[in-house]
Number of protein chains: 2
Amino acid sequence: METPQPLFSKLPLFKEPELKEALLKHGQLLAFNKGDVIVKTGQYVRFLPIVLKGSIRVFQQKEDREVSLYYVRSGETCTMSLAAAYFNNKSVSHGVVMEPTEVLIFPANFLTEWQLQFPSWNQYIITMFRKRYDELINTFEGVVFDHINVRVMEYLKRKSLIEESRIIDISHQTLAKELGTTRVVISRILKQFEREKKVKLLRGQIEIK
Amino acid sequence: METPQPLFSKLPLFKEPELKEALLKHGQLLAFNKGDVIVKTGQYVRFLPIVLKGSIRVFQQKEDREVSLYYVRSGETCTMSLAAAYFNNKSVSHGVVMEPTEVLIFPANFLTEWQLQFPSWNQYIITMFRKRYDELINTFEGVVFDHINVRVMEYLKRKSLIEESRIIDISHQTLAKELGTTRVVISRILKQFEREKKVKLLRGQIEIK
DNA sequence: ACAGGACGGTATCAAAAGATACAAAAAACA
DNA sequence: TGTTTTTTGTATCTTTTGATACCGTCCTGT
């Protein structure tokens with residue numbers, strides 16, 4: 001591994017030199033492209049990924065439907081993989097790369113070892129879990145209590161905030177797969193929003209008004 | 001605190017004597033009765049509970065609808081409270097006692113301190129998180145992809161397995177609140193199941209055939 | 001320029017879920 | 001015992017969501 005310093009600039013949580021050493025020694029830097037599959041539902045998780053650049057979409061699938069759980073971004077790891085690896089369980093989700101992405105992977109069996117050795121590793125794992133946990137509960141609430149139109153609007157508004165733009169680049173199909181429904185439903189709802197002057201629809205884009 | 005030994009027999013994960021000492025010193029043993037509210041949505045979480053006996057139902061509420069997230073049982077703690085306390089956020093769920101329950105509570109500000117001091121405390125927190133996380137993802141999948149009748153049957157079968165009985169003691173109303181729907185919907189589905197000879201309905205009980 | 005694919009609009013139909021209302025039976029309680 | 005509450009059954013109606021199908025437009029690669 002050639003570039004240790006830039007690597008850890010993305011991982012400020014890791015304090016102990018020994019932990020950095022262990023990561024460099026047992027880890028491997030991999031580059032993925034859009035569409036590459038990191039983990040499939042039903043697979044055992046032998047390696048844990050830490051994303052350095054880019055993002056991984058973690059989602060669930062049933063027949064031809066999908067729903068996003070979360071995105072793993074720079075500095076983050078995939079809690080679903082974590083949970084699966086701890087239990088030595090199979091993955092319950094898919095992980096697919098969304099853009100050119102660099103990942104540091106390391107063997108899952110170091111998990112418990114590092115957990116006992118390095119406080120900052122612990123801190124990192126717990127931070128990841130509580131972040132995802134919070135997100136998940138939030139989404140869960142929406143799915144249980146809200147109608148899809150509400151969830152669509154909330155999705156758009158959140159996305160708009162994050163990207164600091166009133167225009168969101170997303171197709172109806174992709175939006176459907178984010179929220180766990182079908183394209184026709186999304187198109188119908190968006191058209192209704194447009195009639196109500198809440199959005200303006202363009203090809204591949206949605207403008208919030 | 002008078003009975004330290006029986007207390008820690010419920011918490012085999014806690015290894016360090018100093019951790020046990022700290023728990024005894026800063027913790028407080030409380031007894032609750034059915035219906036007592038441990039935490040409300042919107043409240044800040046200042047104390048974390050570890051259940052010693054009994055159980056706490058953690059659920060979300062919107063208007064007159066509810067959905068269960070999980071039950072905190074002997075030896076366990078409430079991850080939702082944990083996540084809230086870490087972030088210094090308000091609780092996003094309710095926690096209500098379901099039966100006579102004994103709880104060890106301690107100030108939330110010891111969380112990070114103990115996390116740095118005691119490996120077994122870390123182990124405990126992470127174990128709790130990944131357990132709940134797994135459960136939550138599972139339930140989430142059901143809510144997104146499955147129709148309620150499927151979820152009802154799965155609930156009944158799981159409950160039947162856990163309680164090692166073909167007869168499940170639950171009212172339609174309670175079942176509705178477990179799954180996040182309404183009583184009428186549950187009654188309708190159960191009646192259909194009965195017509196299909198899948199269950200037998202009794203007052204307050206459902207027998208799986 | 002052309003073919004094929006992605007994208008979006010829309011109509012029709014069916015199923016699922018929810019809202020509301022009323023009634024009967026059983027249980028709890030006083 | 002009489003009253004109240006809980007539990008369940010059921011009918012009706014509406015809304016939401018999903019499934020399917022068809023078409024036109026735009027984009028992309030060759």
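The chains referred to below are lettered A, B, ... by the order of the sequence lines, with proteins before strands, and numbering in each begins at 1. All values reported here derive from a predicted model rather than from experimental measurement.
In this structure, CG of A/Leu175 is placed 16 Å from C1' of C/dG9, rounded to the nearest angstrom. The distance from atom NZ of A/Lys177 to atom P of C/dG8 is 14 Å, rounded to the nearest whole Å. In this structure, CG of B/Asn149 is placed 11 Å from C1' of C/dA17, rounded to the nearest angstrom. Residue A/Gln205 contributes atom CD, which lies 10 Å from atom P of C/dG8 at whole-angstrom precision. To the nearest angstrom, P of D/dT20 lies 11 Å from CD of A/Glu63. When the P atom of C/dG18 is taken as reference, atom NZ of B/Lys62 falls 14 Å away, rounded to whole Å. For the pair A/Gln173 CD and D/dG18 C1', the computed distance is 14 Å after rounding to whole Å. Taking atom CZ of residue A/Arg65 and atom C1' of nucleotide D/dA19, one finds them 10 Å apart after rounding to whole Å.
Judged by atom type and distance alone, B/Arg183 reaches the base of D/dG9 through a side-chain donor-acceptor pair under 3.5 Å. In terms of polar N and O atoms assigned as donor or acceptor, the side chain of B/Arg203 never comes within less than 3.5 Å of the base of C/dA27 in a complementary pairing.
Remark: aromatic rings of A/Phe106 and A/Trp114 are close, center separation under 6.0 Å.
Side-chain atoms of A/Ser171 lie closest to C/dC7 of the nucleotides C/dG9, C/dC7, C/dA21. Of the listed nucleotides (C/dA17, D/dT10, C/dT10), C/dA17 has the atom at the smallest distance from the side chain of B/Ile148. Considering only the side chain of A/His147, D/dT17 comes nearest among C/dT10, C/dA19, D/dT17. Of the candidates C/dG9, C/dA17, C/dA19, C/dA17 carries the atom nearest the B/Val185 side chain, counting heavy atoms from C-beta on.
Between the side chains of B/Ser55 and B/Glu99, at least one donor-acceptor pair of N or O atoms lies under 3.5 Å.
Each of A/Thr174 and A/Val144 was assigned the nucleotide of DNA chain C with the nearest heavy atom; the assignment lying further toward the 5' end belongs to A/Thr174.
When heavy atoms are screened at a 4.0 angstrom cut-off, A/Leu202 is found touching the sugar-phosphate backbone but no base atom. Looking at heavy-atom distances under 4.0 Å, B/Leu190 makes no contact with the nucleic acid at all.
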Please report, to 0.1 Å, the donor-acceptor pairs under 3.5 Å made by any side chain of residues 147-157 of chain B, with sequence neighbours excluded.
{"unit_1": "B/Arg151", "atom_1": "NH2", "unit_2": "B/Leu179", "atom_2": "O", "d": "2.8"}
{"unit_1": "B/Tyr155", "atom_1": "OH", "unit_2": "B/Glu178", "atom_2": "OE1", "d": "3.2"}

List, one per line, each side-chain donor-acceptor pair under 3.5 Å for residues 185-197 of chain B, sequence neighbours excluded.
{"unit_1": "B/Ser187", "atom_1": "OG", "unit_2": "B/His172", "atom_2": "ND1", "d": "2.8"}
{"unit_1": "B/Ser187", "atom_1": "OG", "unit_2": "B/Arg183", "atom_2": "O", "d": "3.3"}
{"unit_1": "B/Ser187", "atom_1": "OG", "unit_2": "B/Arg183", "atom_2": "NH1", "d": "3.0"}
{"unit_1": "B/Lys191", "atom_1": "NZ", "unit_2": "B/Glu194", "atom_2": "OE1", "d": "2.7"}
{"unit_1": "B/Gln192", "atom_1": "OE1", "unit_2": "B/Arg195", "atom_2": "NE", "d": "3.3"}
{"unit_1": "B/Gln192", "atom_1": "OE1", "unit_2": "B/Arg195", "atom_2": "NH2", "d": "3.1"}
{"unit_1": "B/Gln192", "atom_1": "NE2", "unit_2": "B/Glu196", "atom_2": "OE2", "d": "2.8"}
{"unit_1": "B/Glu194", "atom_1": "OE2", "unit_2": "B/Leu201", "atom_2": "N", "d": "2.9"}
{"unit_1": "B/Glu196", "atom_1": "OE1", "unit_2": "B/Lys198", "atom_2": "NZ", "d": "2.8"}

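Using the six-membered ring where Trp is involved, A/His94 and A/Phe59 have ring planes that are parallel, under 30° apart on the 30 and 60° scheme. The aromatic rings of A/Tyr133 and B/Phe129 sit perpendicular to each other, their planes meeting at more than 60°, with 30° as the lower class boundary.
Residue A/Arg188 places no side-chain N or O under 4.0 Å from the OP1 or OP2 atom of D/dT15. One finds a side-chain N or O of B/Thr181 lying less than 4.0 angstrom from the OP1 or OP2 phosphate oxygen of C/dG18.
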Practice task
Any chance you could lay out the side chain to side chain contact (heavy atoms under 4.5 Å, CB included) test for A/Phe32 and A/Ile56, step after step, and finish with the verdict?
Solution key: CA-CA 10 Å; A/Phe32 293 98; A/Ile56 302 173; over 6 Å; no
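End-to-end axis angle of the helix from C/dA1-D/dT30 to C/dA30-D/dT1, from C1' rotation axes over five pairs per end: 50° (rounded to 10 degrees).
Expressed to the nearest 0.5 Å, how far CG of B/Leu30 lies from OG1 of B/Thr101 amounts to 11.5 Å.
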